[in-house]
Amino acid sequence: MAKGREHFGSGAAAVMAMAGSAIGLGNIWRFPYMVGQNGGAAFIIVYLLAAFFLSLPILLSESIVGRATHANTFGAMEKLAPGTRWKWLGFLTVISPLIILSYYSVVGGWSIEYLIKAAGSGFNEEVSSLFGEFIVKPWAPLICHTLFLLLTVAVVSAGVKSGIERFNRVSLPLLFILIVVIMVYSLTLPGAYAGVSYLLKPDFSKITPSVVAAAMGQSFFSLSLGVGTILTYSSYMKHSENLFSSGLGTAAFDLLFALIAGFAIMPAVFAAGIEPGAGPGLIFETLPYIFANMGAAAPWLSRTVSILFFLTIVIAALTSSISMCEVGVAYLVEERGQSRRKASLLVFAGTWLLGALCSLSFGPLSGVHLFGRTIFDFCDHLTSDYLMTFGSLLFVLFVGWKMPRMTVWNEFTNGGSLPGNRRLFGPVWFLIRYVAPLVILTIFVTNLVS
Ligand code: TRP
């Protein structure tokens with residue numbers, strides 16, 4: 001282990017950090033909608049298969065590289081494949097999370113604005129048109145974006161243990177408590193049952209190849225794969241920790257949160273008699289509208305739930321953005337000899353600037369297009385459709401074909417000392433070496449063609 005390098009205090013702390021990275025906007029604004037649209041329980045089964053047979057092996061690949069080297073993404077490649085082109089994978093995975101961080105923090109900023117609104121004047125009937133008016137403004141979203149990034153950077157610059165670990169240790173349980181409270185409220189609304197049946201009614205006829213591909217894409221995004229965050233967090237795990245159970249725990253928490261979020265959101269949407277949608281519209285238009293409407297019957301209750309809801313979103317987004325930020329900071333500290341504080345400031349400066357452009361691309365810069373998309377959309381599509389899949393592909397190829405099998409085995413079984421993992425190694429190795437690359441390549445090409 002590199003001298004003076006920090007590590008997470010326990011396996012549970014590592015799982016909480018990784019689950020914190022995984023649980024984010026993806027679980028709240030896309031998963032519930034995808035489930036409802038694409039066959040309910042049938043989709044959940046497909047998603048489960050994708051999560052455990054495809055995403056988990058990718059996650060494990062990143063974990064193996066991270067913990068084998070105890071290094072940042074760039075340093076990891078230098079250690080395992082010095083002087084080769086694999087260093088570009090190291091670079092790619094420093095850049096990708098920072099691009100994600102830039103636009104993610106714009107959305108994080110919107111959530112802060114809505115949290116403040118919920119706690120302040122509350123929402124009224126006009127709330128759904130408010131969103132469109134808000135995001136095109138030049139200043140307010142920019143200030144919120146800045147605030148969100150500052151919070152992110154503050155946690156990261158406090159260090160792996162006293163910043164990241166401490167923040168996640170509190171946030172992750174809190175997130176689950178909050179979302180369960182909202183779910184209970186939502187399920188007790190009159191007419192909530194329609195939302196439950198939207199989520200659960202199995203319809204296998206909806207399962208087409210493109211739905212399967214979408215399930216896989218969602219599972220990549222939700223588990224933060226392919227961009228070095230899992231690698232970086234795993235590099236802070238001790239050699240005694242069990243990589244398989246940490247990875248499994250992370251995937252399980254991520255799925256559980258997504259499901260609970262579904263039961264927190266859809267029953268409320270249906271109770272209000274609204275057609276569900278996905279994306280920013282769901283969180284910033286539909287739900288505040290519902291909160292506003294319930295206000296008449298029990299103002300204090302709807303007020304409380306709306307505050308709790310936006311608090312959940314802000315915290316969920318922060319635990320993700322922190323993990324993206326750490327990838328860049330770890331690189332600058334370990335490869336460029338910066339202090340953690342200076343590295344955090346540098347990441348702040350870079351992502352603030354790109355994020356500002358993303359934020360302004362809804363208003364003053366909406367005329368600026370890159371490959372036919374606004375700056376925000378371009379960054380989103382570049383990362384979700386290409387960089388995450390491409391990064392994931394390279395990671396499984398690296399672990400499956402470049403790393404010595406013995407090194408992988410050692411890392412996965414802790415030098416042979418974990419009997420359960422020894423038995424699992426064969427199937428996991430097969431998934432990493434053959435299945436994952438072929439499937440990811442298919443998704444990648446499909447994205448490229450469409
Ligand atoms: N998993 C996060 C979510 O569900 C989003 C995300 C995508 C992410 N890629 C990431 C988070 C990389 C951290 C790092 O919202």
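As the structure is a prediction and not an experimental result, all values here were calculated from the model. In each ligand, atom 1 is the first atom listed, and ligand 1 is the first ligand listed.
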* **Numbering as shown, the atoms of ligand 1 that approach Ser222 to under 4.0 Å (heavy-atom distance)** => 1 (N), 4 (O)
* Asked: Can you find a side-chain donor-acceptor pair between Glu326 and Tyr236 that sits under 3.5 Å?
  -> yes
* For ligand 1, which atoms sit closer than 4.0 Å to a heavy atom of Phe221? -> 1 (N), 2 (C), 3 (C), 5 (C), 6 (C), 7 (C), 15 (O)
* Measure up the Phe284 and Trp110 rings against each other and bin them: parallel (under 30°), tilted (30 to 60°), perpendicular (over 60°). => perpendicular
* To do: Compute the minimum heavy-atom distance from Pro97 to ligand 1 and say whether it is under 4.0 Å.
  => no
* **Numbering as shown, the atoms of ligand 1 that approach Ser323 to under 4.0 Å (heavy-atom distance)** => 13 (C), 14 (C)
* Considering only heavy atoms of Met388, which atoms of ligand 1 have at least one such atom less than 4.0 Å away? -> 7 (C), 9 (N)
* Are Phe8 and Tyr233 near enough that their ring centres are under 6.0 Å apart? -> yes
* Structure fact -> Counting from 1 in the order shown, the ligand 1 atoms closer than 4.0 Å to a non-hydrogen atom of Val227 are 12 (C)
* Classify the angle between the aromatic ring planes of Phe74 and Tyr331 as parallel (below 30°), tilted (30 to 60°) or perpendicular (above 60°). => perpendicular
* To do: Ignoring hydrogens and angles, state whether a donor on the side chain of His70 or His239 is under 3.5 Å from an acceptor on the partner side chain.
  => yes
* Looking only at heavy atoms, is any part of Thr383 under 4.0 Å from ligand 1, and if so is it the side chain, the backbone, or both, or is it neither? -> neither
* Asked: For atom 14 (C) of ligand 1, what is the nearest protein heavy atom, given as residue, atom name and distance?
  -> Thr229 CG2, 3.3 Å
* Asked: What atoms of ligand 1 come within less than 4.0 Å of a heavy atom belonging to Ile100?
  -> 9 (N)
* Structure fact -> re atom 15 (O) of ligand 1, the protein heavy-atom contact at minimum distance is Tyr104 OH, 2.7 Å
* Can you pull out the closest protein heavy atom to atom 8 (C) of ligand 1? Residue, atom name and distance to 0.1 Å, please. => Ser224 OG, 3.4 Å
* **Atom indices of ligand 1, in the order listed, that fall short of 4.0 Å to a heavy atom of Ala22** => 1 (N), 2 (C), 3 (C), 4 (O)
* Looking at Phe134, is Lys117 sitting on its ring face, NZ or CZ under 6.0 Å from the six-membered ring centre and within 45 degrees of the normal? -> yes
* To do: With heavy atoms of Ser320 as the reference, note each atom of ligand 1 found under 4.0 Å away.
  => 11 (C), 13 (C)
* Kindly assign one of parallel, tilted or perpendicular to the pair Trp86 and Phe398, based on the angle between their ring planes and the thresholds 30° and 60°. => perpendicular
* To do: Determine yes or no for a side-chain-to-main-chain donor-acceptor pair under 3.5 angstrom, with Thr73 supplying the side chain and Gly90 the backbone.
  => yes
* To do: Indicate the ring-plane relationship of Phe444 and Tyr386, choosing parallel, tilted or perpendicular according to the 30° and 60° boundaries.
  => perpendicular
* Asked: For Gly26 and ligand 1, does the shortest N/O to N/O distance drop below 3.5 Å?
  -> yes
